[in-house]
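Below is one structure; the comments refer to it alone.
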Amino acid sequence: MGIIGWIVLGLIAGVIAKILMPGKDPGGCIITILLGVGGAFVGGWVGKTLFHTDLGTFFDLRTWALAVLGALIILVGYRLIFGSRRD
């Protein structure tokens, strides 16, 4: 996948993760993209480590599931770190 593919995958995976875990989070579209792209990397690592599978092509369901799983992991960490700083 090219860089544009990673950004699109990241944006959509980040949005799906925020839909699955609603709440008030600081940050907007850029944070969502970074969350999703980072989630794709984390999901790929989790898939390789735990399930012995790699990310597939852009349209592969396994790719999307691992990217959303990784984005959820990063979102939980993000909320743990930055969620308590809200006044």
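- Atom CG of L66 is separated from atom CZ of F41 by 13.5 Å, given to the nearest 0.5 angstrom.
- Note on W64: it clusters hydrophobically with L50, by side-chain heavy-atom contacts below 4.5 Å among ILVMFWY residues.
- When hydrophobic clusters are built by joining Ile, Leu, Val, Met, Phe, Trp and Tyr residues whose side-chain heavy atoms come closer than 4.5 Å, directly or via intermediates, V37 is grouped together with I19.
- By the side-chain contact (heavy atoms from CB on, under 4.5 Å) test, L72 is found to be paired with A17, L20, M21, V68, residues two or more places apart in sequence or in another chain being considered.
- Under the rule for a side-chain contact (heavy atoms from CB on, under 4.5 Å), the partners of I74 that lie at least two apart in sequence or sit in another chain are L35, V42.
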